[in-house]
Amino acid sequence: AAIVVVLLLCNIMVTGVSDAGIVRLASGLINAAALIIGFSATREHRRIVGLGALLLAGILGSVVVSFADGPDATTALGALANVAVLGTLCVATTMRVATQPTVESHTIYGATAAYLLLGQVFAWIYLMLPGLTDESVLDPSQAGEVPIYYSYVVLTTLGFGDISPAGSLAQRITVVEALFGQLFIAILLSRLVSLYSTAQHEARAAANDAE
């Protein structure tokens with residue numbers, strides 16, 4: 001999970017830095033590596049056929065978007081593939097964290113990875129929208145680029161205002177992302193605190209029994 005967090009942070013730093021094909025390809029490769037390691041960490045690798053299909057879809061989607069010239073149906077299809085794959089990984093990671101009996105380092109890394117994945121999912125959704133609707137999505141336009149920066153500004157409810165949702169659909173998705181960002185932290189944090197408190201109580205009980 002720690003490696004997934006590092007890869008996702010690297011992807012955030014690389015995506016959108018330049019329009020050069022090599023930069024887009026690097027972003028796609030980092031994304032693919034995060035998917036492979038992420039699914040391995042969630043133990044979804046036991047489902048070989050399903051995992052292979054998901055990974056193939058995500059990698060092909062990243063490649064398609066990396067070499068696309070702008071918003072069109074092909075870019076939307078590639079973005080949709082990444083939404084499906086990253087969304088599945090986000091849910092799988094969250095479920096594994098939520099079902100852990102104790103809070104350990106890998107639990108914290110898993111929770112962090114799930115939160116970062118949530119921002120990635122919405123970023124690809126914003127990229128997908130121009131190929132599905134005629135209305136504007138973001139202002140100023142982020143055409144052809146995965147709007148990673150905008151997505152995390154919304155997810156964390158920073159709201160700088162330098163980029164704003166222009167179309168009605170984008171506005172509603174922005175609200176949904178902001179709500180998900182707040183609820184995710186509140187619910188998962190409470191779960192981790194509960195696990196930690198339970199572990200501490202059991203440790204104290206064991207110590208008292210030993211005495």
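Small disclaimer: the values here were computed from a predicted structure and weren't measured.
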Enter the distance from [X]:[atom1] to [Y]:[atom2] here, rounded to the nearest 0.5 Å.
X      : Y      : atom1 : atom2 : answer
Ser27  : Ile148 : OG    : CD1   : 7.0 Å
Ser136 : Leu169 : OG    : CG    : 12.0 Å
Thr93  : Leu118 : OG1   : CG    : 11.5 Å
Leu155 : Leu116 : CG    : CG    : 8.5 Å
Cys10  : Leu29  : SG    : CG    : 13.0 Å
Glu135 : Gln171 : CD    : CD    : 8.0 Å

I want to check something: taking the side chain as every heavy atom from C-beta on, are [X] and [Y] in contact at a cut-off of under 4.5 Å?
X      : Y      : answer
Ile173 : Leu129 : yes
Ile12  : Gln120 : yes
Leu188 : Val97  : yes
Phe122 : Phe180 : yes
Leu86  : Asn31  : yes
Leu127 : Pro147 : yes
Tyr150 : Asp162 : no

Item to complete: Please say whether more than 12 non-hydrogen atoms of neighbouring residues, nucleotides or ligands are located less than 6.0 Å from CG in Leu80.
Response: yes
Discussion item. With side-chain contact (heavy atoms from CB on, under 4.5 Å) as the criterion, how do Thr174 and Tyr126 come out once you've worked through the C-alpha distance, each side chain's angles and the decisive distance to 0.1 Å?
Written reply: CA-CA 9 Å; Thr174 295; Tyr126 296 123; 3.5 Å; yes
Where [X] and [Y] come nearest, the two heavy atoms and their spacing:
X      : Y      : answer
Cys90  : Ala114 : SG-O, 3.4 Å
Leu89  : Leu117 : CG-CD1, 3.7 Å
Ala113 : Leu8   : O-CD1, 3.8 Å

Please check if any side-chain donor atom of [X] sits under 3.5 Å from a side-chain acceptor atom of [Y], or the reverse.
X      : Y      : value
Tyr115 : Thr94  : no
Asp139 : Ser164 : no
Glu177 : Tyr152 : no

Test of understanding: clusters of I, L, V, M, F, W, Y form through side-chain heavy atoms closer than 4.5 Å, transitively. Do [X] and [Y] belong to the same one?
X      : Y      : value
Val176 : Val91  : no
Ile108 : Met95  : no
Leu9   : Leu7   : yes
Met13  : Val153 : no
Val14  : Val6   : no

Item to complete: Name the orientation class of the two ring planes belonging to Phe160 and Tyr149 (parallel below 30°, tilted from 30 to 60°, perpendicular beyond 60°).
Response: parallel
Fill in: Exam field: side chain Thr157 to backbone Ala178, donor-acceptor pair closer than 3.5 Å
no
